[in-house]
Amino acid sequence: MLTLHSFRKSFGSQLILDVPELQFPKGVHWIKGKNGSGKSTFFNCVAGLSPYQGTIQLDEFDLRSQPDSYKLRVNYSQSEPAFPEFLTANDLIDFFVTLKKAGPEQAQSLKEALGVSDYADAATGSYSSGMLKKLSIVLSFLGNPDWIILDEPLITLDKEAQQIVTEMIVKKRAEGVSFLFATHQDFENAYIEATNVYEVKDQQITRLS
Amino acid sequence: MSAVRKVLVRTLVKPFYQANAGFFLVTVGLLFGFLKTPQHIDIATALAYSPLYYSIPFALFTLYAIKTLQFCYTAQRLKTNQFLSGLVMLRPGARVPLIIYLQTLLMVPALAYSGLLLTMALQHQLWMSAAIVAGGNLLLILTAAHFLHKRLITPVDSSLISGFRQWTSKLPRPLSMLFIHQLFTRHAVLLLATKAISITVIVGAVLIFEMDGTDYRLLTLGMLLSGGVNAAFSFQYHKFEQKDLSLFKNLPISTSSWFGQFTVSYLLLLIPETVVFLGNTLTKAPLSLLIGSILLPVALLSLYQSVLYRKSISMDNFIKYPFFATAILFFVILGYVPAYLLGIGLLLVSYLIFRVCYRSFDLTIDA
């Protein structure tokens, strides 16, 4: 269970999110909202990239007081991934494999599934946005996370890759991994049914269904 | 047109001064900290006296102009600056004066000193020298503007650019080396220029020590100034973290590890200075002083980086910190405080500041 308690996020004096209490049980949770509503900001906080007020807890692990244990269990794919341009995909994957305690076989299989192996030795500075997105998704599936946060996982991907990512999510879901994702595309299809749908609006995160 | 001018100044001129703040800090500090006004005037008069002597500052100004061009070429290649290729849509009659204006702004420090030389030449009625100083500067600005103009209207690849890429790509890439790679990839000229100046400062300090023979404080002061020259790298590292390493904050890397990583980065970055320093002082000073002096710039850069986590600040506001730190430590060192105590103490302070500020700092937003 991912729990937020007295969660607030501000940039300077501008309040972005104010969530007194929210729980995400295990499952697939679709976060909707207009551009600029705070979806990515919310994800950045839950992934440990941005500071916040209040508490974010995954089961018994609090993000603030037990960041290492928490971050081993929560992975993240950003909407617009950015990496040091001189690193190759293999460099980044090896790095994440070590820290997320993943196996090299898992990394290899993920790379092959999304076709990242084809350009894994080239520096990320030469990648297109679609290639960066694929790499970002590979990184987010490494290790043994309990939760994977996907911010716009399908944008800039070709049709084939979109299908593959959908299948990867279904497979991970069957293994017990939960998902938080944001997308403007109609993500629900024959394969994925969101456990809950939420909307970020007026600094609140409200469950719609 | 003012909108175009404003954007170009903010894209090319302001970042140039921000990136070279450390260089200016030490140059101005050295020139105006150690020399008194009458000495400055005497030097300026001597340089302006004859065209032959003027060739010395002219050569330095030429190198400085090349530095400005290199910076603009690198800036042009950034993905975020690709819009600059739109300059070609301006008619030449508007474009050329604009580029000359930009180049003049970039050359302000050189022009300021040339102004002093010109004043001295005119005061002593050295009309030929005055004409050469004025003409030389005009020629330099127009030549540099010509190259800048030609470059800005030519589309360039925004992918990896540095000629160092070939051999630096072979270097290992643990977390502590990523910033070094970034410098070689995107700021190779800045890196080399900074190293050259930093090493010159250290060699100068060693030479003065050798003349005196007994005052070890001079060695520590040299390393302190070297830390000042390299200070801008702390800001660059911070920006690099914000832009390219934000996802790394999702990794289970402890706060202490993160601090250790960038401290090691600075240790590696200062290898050239360490080699030059030790090469010239190993048998001439106590080991504790040498180690403390080497630790001092490392601790300073770590301190500046830790301070940057306190709140998001711009380069203009950041530069106060190395300036005041260098000034305060200057007198502390003159007060015979042992170098090793300073180095260790500063490192501890920077770790404590880092621990307090890192978690509450938002890496995902820009200053």
Side-chain angles (χ1 to χ4, degrees), chain A residues 9-12 16 40-41 43-53 61 63-78 80-88 90-92 94-96 98-101 121-127 135-136 139-140 142-143 145 148-149, chain B residues 77-80 157-162 164-166 168-188 237 239-258 261 309 311-312 357-367:
Chain A
K9 174 64 185 173
S10 303
F11 288 127
I16 307 299
S40 297
T41 302
F43 284 169
N44 283 340
C45 293
V46 175
L49 272 65
S50 286
Y52 55 89
Q53 291 170 288
F61 302 109
L63 173 53
R64 196 176 276 117
S65 57
Q66 297 157 290
D68 295 356
S69 304
Y70 180 99
K71 288 173 184 176
L72 266 177
R73 292 164 173 78
V74 177
N75 287 2
Y76 182 36
S77 168
Q78 292 168 296
E80 292 172 26
F83 305 110
E85 57 186 345
F86 47 83
L87 289 179
T88 65
N90 279 334
D91 289 332
L92 283 161
D94 289 344
F95 194 84
F96 275 61
T98 306
L99 285 168
K100 289 283 188 177
K101 298 187 181 6
D121 283 324
T124 58
S126 63
Y127 292 3
L135 171 59
S136 171
L139 294 176
S140 70
L142 286 171
I148 298 179
I149 303 168
Chain B
R77 286 194 174 96
L78 294 174
K79 272 185 186 163
T80 47
D157 222 334
S158 66
S159 56
L160 297 175
I161 44 97
S162 171
F164 286 104
R165 231 14 233 135
Q166 294 303 316
T168 58
S169 63
K170 309 253 185 293
L171 294 172
R173 293 166 202 198
L175 187 54
S176 52
M177 280 288 291
L178 294 187
F179 181 56
I180 312 291
H181 276 280
Q182 170 72 356
L183 288 176
F184 278 126
T185 303
R186 281 286 171 198
H187 305 287
Y237 197 142
K239 284 288 163 199
F240 171 62
E241 266 191 302
Q242 281 188 293
K243 184 174 165 290
D244 291 331
L245 297 184
S246 62
L247 185 63
F248 283 51
K249 233 186 153 187
N250 174 244
L251 295 169
I253 301 174
S254 69
T255 312
S256 309
S257 287
W258 199 264
Q261 297 290 343
Y309 290 114
K311 64 175 185 173
S312 212
C357 299
Y358 180 61
R359 285 209 186 142
S360 60
F361 183 77
D362 201 329
L363 265 180
T364 61
I365 57 168
D366 221 335

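By convention in this document, chain letters (A, B, ...) are assigned in the order of the sequence lines, proteins followed by strands, and residues within each chain are numbered from 1.
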Residue A/Phe95 versus chain B: region with a heavy atom under 4.5 Å:
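Side chain only.
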Among B/Pro174, B/Ser254, B/Pro252, which has the most heavy-atom pairs under 4.5 Å with chain A?
B/Pro252
When heavy-atom pairs shorter than 4.5 Å are enumerated against chain A, which of B/Leu175, B/Ile253, B/Asp244 gives the highest number?
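Top option by heavy-atom pairs under 4.5 Å: B/Asp244.
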Is B/Glu241 salt-bridged to B/Lys249, cutoff N-O under 4.0 Å?
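No, no charged N to carboxylate O under 4.0 Å.
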Would you say the side-chain atoms of A/Thr41 and A/Asn44 include a donor-acceptor pair closer than 3.5 Å?
no
We want to know whether A/Ser140 and A/Ser77 form a side-chain donor-acceptor pair, criterion being a heavy-atom distance below 3.5 angstrom.
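Side chains of A/Ser140 and A/Ser77: no pair found under 3.5 Å.
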For each of A/Thr88, A/Val74, A/Asp94, tally heavy-atom pairs with chain B at distances under 4.5 Å, and name the one with the top tally.
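It is A/Val74.
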Reported OG1-to-CG distance for the pair A/Thr124 and A/Asp91, which is rounded to 0.5 angstrom
9.0 Å
